Amino acid sequence: MTVHRVPIATCRGTFVACFSERGLVRLNWPTDKPVPKRTLTTGHGVGLAKVRRWRQLTDQALRRALAGRAPSRLPPLDLSAGTAFQRRVWRLLRRIPLGQTWSYAQVAAALGAPAAARAVGQACGANPIPVLVPCHRVRRSDGSLGGFSGGLAWKRWLLAQEARAGR
DNA sequence: CCCTAGCGGTGCT
DNA sequence: AGCACCGCTAGGG
């Protein structure tokens, strides 16, 4: 399966979006390492025009999300790599309204698996599309932040943006 | 703040 | 099948 890797420049650094033939399959955090060259391979399933369209949608959606506002439109998300449980968690995360946070236990309960809070945390950590699949809106039952694969500074910042924009 | 027991999903062997 | 991970939780110092 060919994957197209495309840099997405934002006010907080350059993310790298990866597109499968089904849509956005992964969003990588900005790193200090040099941004890899765009890899757009022709002739294998994915039309370049489609990827360009998805790139544009991702760019706009990410811009809005980083401003703490709801993206108007998302590219198709390819979450097929996850397990059944992970996909259920990720689907539920997308229904947490912007500006709200749920606890890992609340997410687990909403899935009908009230004892699986820890597994929910693990699934959040495996979220391949951070920010757009808002795993940052989940924290511990005691109100503390809990973990974040992108680093707690990002989690704090994203929640602050959403709180600010919501006022 | 710390510690502990208990929990479910996942990936490795 | 077993086992050691984990973005957790409730309970207790």
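Just so it is clear, the values below take in all heavy atoms, side chains as well, and ignore hydrogens, waters and symmetry mates. Because the structure is a prediction, the values reported are computed rather than measured. Letters go in sequence order (proteins before strands), and every chain restarts at 1.
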Output the residues of residues 126-134 of chain A in contact with DNA chain C, where contact means a heavy atom of the residue under 4.0 Å from an atom of the strand; sort by number or write none.
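When residues 126-134 of chain A is checked for heavy atoms under 4.0 Å from DNA chain C, there are no hits whatsoever.
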
For nucleotides 3-8 of chain B, which of its nitrogen or oxygen atoms have a protein nitrogen or oxygen under 3.5 Å away, and what is each distance?
residue : atom : partner  : partner atom : Å
B/dG6   : O6   : A/Arg118 : NH1          : 3.1
B/dG8   : N2   : A/Gln122 : OE1          : 3.2

Would you call A/Ile8 and A/Arg55 a side-chain contact if the rule is heavy atoms closer than 4.5 Å?
yes

Can you find a heavy atom in the side chain of A/Thr58 that is under 4.5 Å from one in the side chain of A/Val6?
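The answer is no; the side chains never approach within 4.5 Å.
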
Can you name the nearest heavy-atom pair linking A/Gln161 to A/Leu66, along with the distance?
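What the structure gives for the nearest pair is NE2-O, 3.0 Å.
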
Are the side chain of A/Lys155 and the backbone of A/Gly147 linked by a donor-acceptor contact shorter than 3.5 Å?
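A pair under 3.5 Å: yes.
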
Nearest whole Å is fine: how far is B/dG9 C1' from A/Leu111 CG?
12 Å

Could you tell me the separation between the CG atom of A/Asp142 and the C1' atom of B/dC2, rounded to a whole number of Å?
14 Å

Return one dot-bracket line describing DNA chain B 5' to 3' (Watson-Crick or G-U wobble pairs, both distances under 3.5 Å; ( ) same strand, [ ] crossing, | another strand, . none).
||||||.||||||

Taking atom CZ of A/Arg164 as the centre, report whether more than 12 heavy atoms of other residues, nucleotides or ligands fall under 6.0 Å from it.
no

Atom pair [atom1]/[atom2] of [X] and [Y] - distance to nearest 0.5 Å:
X	Y	atom1	atom2	answer
A/Tyr104	A/Arg139	OH	CZ	10.5 Å
A/Ile129	A/Asn127	CD1	CG	7.0 Å
A/Arg5	A/Arg26	CZ	CZ	10.0 Å

For A/Gln56 and A/Arg53, does a side-chain donor sit closer than 3.5 Å to a side-chain acceptor?
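Yes, side-chain donor-acceptor contact under 3.5 Å.
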
Closer than 4.0 Å, any side-chain N/O of A/Ser141 to the OP1 or OP2 of C/dT9?
yes

Is there any ring pair (Phe, Tyr, Trp, His ring centres under 6.0 Å) pair reaching into residues 109-164 of chain A, and which pairs are they, with sequence neighbours excluded?
A/Phe15-A/Trp154, A/Trp29-A/Phe148, A/Trp29-A/Trp154, A/Trp154-A/Trp157

Can you sort out which residues in residues 90-109 of chain A have a heavy atom within less than 4.0 Å of DNA chain B? Ascending by number, please.
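Heavy-atom contacts with DNA chain B come from no residue of residues 90-109 of chain A; none.
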
Going by atom type alone, with no hydrogens or angles, which donor-acceptor pairs under 3.5 Å involve a side-chain atom of residues 72-81 of chain A and a protein atom two or more places apart or on another chain?
residue : atom : partner : partner atom : Å
A/Asp78 : OD1  : A/Ser80 : N            : 3.1
A/Asp78 : OD1  : A/Ser80 : OG           : 2.6
A/Asp78 : OD2  : A/Ser20 : OG           : 2.5

